[in-house]
Amino acid sequence: PATSYKVVFKANLLIEIGWKDENFLEGWKLWPSDMTFESDGKILTIGYNNTSPPQLPMVRAEAKKEIHPSINVARFPFVIIRFKFKDWNTDEINKVYFTITLYDDSGVLEETTFYRPSNVSNWQVAFVPIKYLQNVAEIGLVTRTGPETCLYVEVDYIAIVAVGHDLSF
């Protein structure tokens, strides 16, 4: 007779936080100034409505925050963000998307883009490796909207972290 075994591995992630924002209440600079950036101290709503005249060919609405002191990427090599796409009016991914931007001390940019997911309006956690920067001195949240489009994203938190693990079974 065949014997079967069930082996369960449990991974406990150990996350060390180098920087985080979970209330989005201060220090963010907006461009353009009429973009939506609203926080109740728990959830941020960020976005832009490009459906009203004058409609622009593309609006890159960005909220940036300086990080002092800058975060050493060798020690904290990941960004973790919990977000969901709240509202948009097109399924054309080249017209609306959400991006995290990271800048180092000299202004070099690294970015990660999230397109409208198939799990519409559900919270998701993205774990993004920082690949090219030595440090992070500024972080940005960007919504991109084409003509006659809008996009709103909710963000619960964003952090720059180090991750270890503890395996037990």
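Only this structure's heavy atoms are used, side chains among them; waters, hydrogens and symmetry mates stay out. A quick note: this is a predicted structure, and the numbers were derived from the prediction, not measured.
With a 4.5 Å cut-off on side-chain heavy atoms, Ile160 and Ile80 do not count as touching. Contact of the Trp31 side chain with the Glu62 side chain is not registered, since no non-hydrogen atoms from C-beta on lie closer than 4.5 Å. Counting heavy atoms from C-beta on, the side chains of Thr143 and Tyr97 never come closer than 4.5 Å. Between Thr145 and Asn49 there is no side-chain heavy-atom pair separated by less than 4.5 Å. Put simply, the side chain of Ile71 does not reach to within 4.5 Å of the side chain of Ile130, judged on heavy atoms. Proximity of Thr45 to Val153: side-chain heavy atoms (C-beta onward) are nowhere separated by under 4.5 Å. Residues Leu109 and Leu102 are not in side-chain contact: their nearest non-hydrogen atoms beyond the backbone lie 4.5 Å or more apart.
The minimum heavy-atom distance between Arg82 and Val125, with the atom names listed, is CG-CG2, 4.0 Å. Nearest heavy-atom pair across Ala162 and Phe76 is N-CD2, 3.6 Å. Looking at every heavy atom in both residues, Tyr48 comes nearest to Ala61 through CB-CB, 4.0 Å. The nearest pair of heavy atoms linking Ala63 to Leu30 is CB-CD2, 3.6 Å.
Between the side chains of Thr113 and Thr99, a donor-acceptor pair is found at a separation under 3.5 Å. Counted by atom type alone, Asp105 and Asn135 present one or more donor-acceptor pairs between their side chains at under 3.5 Å.
More than 12 non-hydrogen atoms from other residues, nucleotides or ligands lie less than 6.0 angstrom from CZ of Phe127. For CD of Glu154, the number of neighbouring non-hydrogen atoms (other residues, nucleotides, ligands) closer than 6.0 Å is greater than 12. Within 6.0 Å of atom NZ in Lys86, 12 or fewer heavy atoms from other residues, nucleotides or ligands are found, so the atom counts as exposed in its surroundings.
Under 4.0 Å is where a charged nitrogen must lie from a carboxylate oxygen, and between Lys29 and Glu66 at least one such pair does. Salt bridge status for Glu111 with Arg60: present, with a side-chain N to carboxylate O gap under 4.0 Å.
The backbone N or O of Ile158 sits nowhere less than 3.5 Å from a side-chain atom of Asp21 that would complete a donor-acceptor pair. The backbone N or O of Asn23 sits less than 3.5 Å from a side-chain atom of Ser39, completing a donor-acceptor pair. A donor-acceptor distance shorter than 3.5 angstrom exists from the side chain of Asn89 to the backbone of Glu148, with no hydrogens or angles considered.
In terms of hydrophobic clustering, with Ile, Leu, Val, Met, Phe, Trp and Tyr side chains grouped at heavy-atom distances under 4.5 Å, Val79 and Ile67 are assigned to a common cluster. Under a hydrophobic-cluster definition in which Ile, Leu, Val, Met, Phe, Trp and Tyr are linked whenever side-chain heavy atoms come within less than 4.5 Å, directly or via other members, Trp19 and Tyr103 are assigned to different clusters. Cluster annotation: Val142 is not connected to Leu56 through the hydrophobic network of ILVMFWY side chains, with a link wherever side-chain heavy atoms come within less than 4.5 Å. Hydrophobic clustering (side-chain heavy atoms under 4.5 Å, transitive across Ile, Leu, Val, Met, Phe, Trp, Tyr) groups Val108 together with Ile139. Each of Tyr152 and Met35 belongs to its own hydrophobic cluster when Ile, Leu, Val, Met, Phe, Trp and Tyr are linked at side-chain heavy-atom distances under 4.5 angstrom.
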Glu16 vs Arg75, salt bridge (Lys or Arg N to Asp or Glu O under 4.0 Å): CA-CA, chis, key distance, verdict
CA-CA 10 Å; Glu16 182 180 2; Arg75 180 155 182 223; 2.6 Å; yes
Side chain to side chain contact (heavy atoms under 4.5 Å, CB included) evaluation trace for Val59 with Arg144
CA-CA 6 Å; Val59 175; Arg144 192 252 194 214; over 6 Å; no
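Within the model, atoms OG1 of Thr149 and CE of Met58 stand 10.5 Å from one another, a figure rounded to the nearest 0.5 Å. A distance of 11.0 Å separates CG of Leu151 from CG of Asn50, quoted to the nearest 0.5 Å. We find the CD-OG distance between Glu138 and Ser70 to be 11.5 Å, quoted to the nearest 0.5 Å. Between the CG atom in Asp104 and the CD atom in Glu110 there is a gap of 9.5 Å [rounded to 0.5 Å].
Below 30°, between 30° and 60°, or above 60°: for Phe85 and Trp88 the angle between ring planes is above 60°, a perpendicular geometry. A perpendicular orientation is assigned to the rings of Phe24 and Phe37, their planes being inclined by more than 60° (bins at 30° and 60°).
With a 6.0 Å cutoff to the six-membered ring centre and a 45° limit on the axis angle, Lys20 does not count as a cation-pi contact of Tyr157.
Residues Phe83 and Phe98 place their aromatic rings such that the two centres sit under 6.0 Å apart.
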